[in-house]
Amino acid sequence: MVNQDNLEKSPKHPERDHTDSGKTAEKPAGPKPERRSWADLNQNLKQALHTWEVLNEQMEDKESPEETQLREVKRLLGELKDKLKQFSE
């Protein structure tokens, strides 16, 4: 026996968009959304790689504050080593 309430609640056309208008859902024109998202992702990755390469080239000759400090410490240690040699002679 079929319940009348269940028949009214079940959709007659499952492929239809269940909006108030009752119109069927239209597929978007153009490339598939999956392909478009992969293309967008690919383009974003190419832009990120290009940006990385440009920044890497710009920063190649620049010394970080840590590198500057390390160079100064090495210089001071070299001077200290020379002064210690003078005392040992």
Side-chain angles (χ1 to χ4, degrees):
M1 188 167 212
V2 177
N3 188 348
Q4 187 65 22
D5 291 334
N6 287 341
L7 286 176
E8 292 175 0
K9 291 179 185 176
S10 66
K12 293 180 182 179
H13 301 282
E15 70 277 357
R16 287 188 180 215
D17 184 14
H18 297 288
T19 59
D20 291 337
S21 65
K23 295 180 181 177
T24 58
E26 295 181 19
K27 294 182 180 179
K32 292 182 180 180
E34 297 87 19
R35 288 183 188 229
R36 186 177 35 202
S37 64
W38 280 111
D40 291 343
L41 180 62
N42 190 24
Q43 184 64 29
N44 289 343
L45 287 173
K46 285 180 181 179
Q47 288 175 348
L49 178 61
H50 177 70
T51 301
W52 176 263
E53 290 171 345
V54 168
L55 290 175
N56 197 23
E57 287 175 7
Q58 290 175 355
M59 299 302 290
E60 195 171 82
D61 298 330
K62 293 186 179 181
E63 194 173 65
S64 71
E66 292 84 9
E67 291 171 327
T68 304
Q69 188 176 16
L70 178 63
R71 188 172 35 83
E72 181 65 20
V73 167
K74 285 182 179 181
R75 185 187 65 78
L76 291 172
L77 286 173
E79 288 178 8
L80 182 60
K81 184 178 176 182
D82 291 341
K83 288 182 181 179
L84 287 173
K85 280 185 183 179
Q86 289 175 358
F87 280 114
S88 65
E89 293 176 352

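Quick note: residue numbers are just sequence positions, from 1.
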- Query: Which salt bridge (Lys or Arg N to Asp or Glu O under 4.0 Å) pairs, counting each pair once, include a residue from residues 54-63, with sequence neighbours left out?
  - Reply: E63-R71

- Message: To the closest 0.5 Å, what do you measure between CD (E72) and OG1 (T68)?
- Response: 9.5 Å

- First locate atom NE2 of H50, then atom CG of L55, and finally report the distance between them rounded to the nearest 0.5 Å. 9.5 Å

- Task: Give, for atom CG of L77 and atom CG of L84, the distance between the pair rounded to the nearest 0.5 Å.
- Result: 10.0 Å

- With respect to E79, which candidate in K83, K81, R75 satisfies the side chain to side chain donor-acceptor pair (under 3.5 Å) definition? R75

- Separation of N42 CG from S37 OG (nearest 0.5 Å): 11.0 Å

- Note on the structure: CD (Q47) and CG (N44) are apart, to the nearest 0.5 Å, by 5.5 Å

- Message: Between W52 and L45, is there shared hydrophobic-cluster membership here, with clusters defined by ILVMFWY side-chain heavy atoms closer than 4.5 Å?
- Response: no

- Task: Can you measure from NZ (K46) to CG (L49) and round to the nearest 0.5 angstrom?
- Result: 10.0 Å

